[in-house]
Amino acid sequence: MPPPETGPARMSAARWVWVGPAVVFVLIEALLSGADTGLWGSPLWRPLAYQYGGFWAGLLHGWQANYPAQPLAMFATYPFLHAGWQHLLGNLVVFGWLGEQIGRSFGAARLAALLAISALGGGACFGLLTTSPRPMVGASGAIMGLVAAWIAGEAHEMARNGQPRARILRMCALRSAAVLALNLAGTWIEAGGLAWETHLGGFVAAALALVTTLRPLRQK
């Protein structure tokens, strides 16, 4: 096997793991926004994109799919759709900042695995817990996985510096509680429009993966 990438090459490869999806996010939203305003295509493009690419919890509970693979495909397609530019830009800021930070320690392969696991976990939790008949879209599940990795990275750094285990666990608990509180506040502010189930699933799936196989390794 070839030696693992290090230094600038490692960082460049990891950067493309989040830059690539971010570019796709922007291109899709630009296409749909242009169709919304009549610049091209049809105003029907956005509802059709949601219909075929959004995450519909009902498809896991007996709803009729638009095509045979939709109940599985929606786990991969929903993160690439957003509910307008405000939703997209809010996600992009956090996705880019955390993606860059986590990519430095994880490398490309582990970062890609983390994003995939978080998106899958977010979709699964939404499908299991919600009763909403509306579709869920957005990269929030993957972003919450990055948040979990950021907390884990801080814990790893504290352990390397010889911090007591109790202090590390307290830090993890407090930051996880803060994440939960922010999601509850966001759900209240958005009057139920925030898919808290997706956020929870992405965070928990990433945390479980980090504990088992995706422990962050910082370069010495």
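In this text, all values refer to a predicted model and were calculated from it rather than measured experimentally. Values reported hereafter were calculated over all heavy atoms of this structure, with side chains retained and with hydrogens, waters and symmetry mates removed.
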Within this structure, what is the [atom1]-[atom2] distance for the pair [X] and [Y], rounded to the nearest 0.5 Å?
| X | Y | atom1 | atom2 | result |
| --- | --- | --- | --- | --- |
| His87 | His82 | NE2 | NE2 | 5.0 Å |
| Arg104 | Arg15 | CZ | CZ | 7.5 Å |
| Trp40 | Leu31 | CH2 | CG | 7.0 Å |
| Leu114 | Leu98 | CG | CG | 10.5 Å |
| Arg110 | Leu115 | CZ | CG | 14.0 Å |
| Cys172 | Ile168 | SG | CD1 | 7.5 Å |

Minimum heavy-atom separation for [X] to [Y], with atom names?
| X | Y | value |
| --- | --- | --- |
| Gly103 | Ala14 | O-CB, 3.4 Å |
| Ser33 | Trp85 | OG-NE1, 3.0 Å |
| Gly145 | Ala206 | CA-CB, 3.4 Å |
| Phe75 | Gly123 | CE2-C, 3.8 Å |
| Leu32 | Leu81 | CD1-CD2, 4.3 Å |
| Ser42 | Ala35 | O-CB, 3.3 Å |

Self-check item: Stepwise side-chain contact (heavy atoms from CB on, under 4.5 Å) test for Phe25 and Asn91
Solution: CA-CA 10 Å; Phe25 298 163; Asn91 276 353; over 6 Å; no
Self-check item: Test item: Leu180 and Leu200 side chains (from C-beta on) under 4.5 Å apart, heavy atoms
Solution: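 Counting from C-beta outward, Leu180 and Leu200 never come under 4.5 Å.
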Quiz item: Is there side-chain contact between Leu146 and Leu111, with heavy atoms separated by less than 4.5 Å?
Solution: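 Result yes, sub-4.5 Å side-chain heavy-atom pair found.
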If you group Ile, Leu, Val, Met, Phe, Trp and Tyr by side-chain heavy-atom gaps below 4.5 Å, do [X] and [Y] land in one group?
| X | Y | result |
| --- | --- | --- |
| Leu88 | Phe55 | no |
| Trp16 | Trp97 | yes |
| Leu60 | Trp196 | no |
| Met74 | Trp45 | no |
| Val147 | Ile102 | yes |

Exercise. With side-chain contact (heavy atoms from CB on, under 4.5 Å) as the test, would you mind laying out the steps for Phe106 and Leu210 before giving the verdict?
Key: CA-CA 11 Å; Phe106 271 53; Leu210 289 162; 3.3 Å; yes
Practice problem: Determine, step by step, whether Ile151 and Ser176 satisfy the side-chain contact (heavy atoms from CB on, under 4.5 Å) criterion, reporting the C-alpha distance in whole Å, the side-chain angles of both residues, the deciding distance to 0.1 Å, and the verdict. | Solution: CA-CA 8 Å; Ile151 295 174; Ser176 297; 4.2 Å; yes
Among pairs that include at least one residue of [range], which meet side-chain hydrogen bond (donor to acceptor under 3.5 Å, both in side chains), considering only residues two or more places apart or in two chains?
| range | result |
| --- | --- |
| residues 62-76 | Gln51-Asn66, Asn66-Gln70 |
| residues 199-211 | Ser140-His199, Asn183-His199 |
| residues 124-133 | none |

Quiz item: Going through the distances and angles, do Trp18 and Glu100 end up as a side chain to side chain donor-acceptor pair (under 3.5 Å)?
Solution: CA-CA 8 Å; Trp18 69 263; Glu100 181 71 10; 3.2 Å; yes
Exercise. Is it possible for you to check whether Arg134 lies under 6.0 Å from the centre of the six-membered ring of Trp56, through NZ or CZ, and within 45° of that ring's axis?
Key: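 Ring-cation test returns no.
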Practice problem: May I have the step-by-step check of side-chain contact (heavy atoms from CB on, under 4.5 Å) for Gln163 and Met171, ending in yes or no? | Solution: CA-CA 11 Å; Gln163 295 289 331; Met171 181 277 294; over 6 Å; no
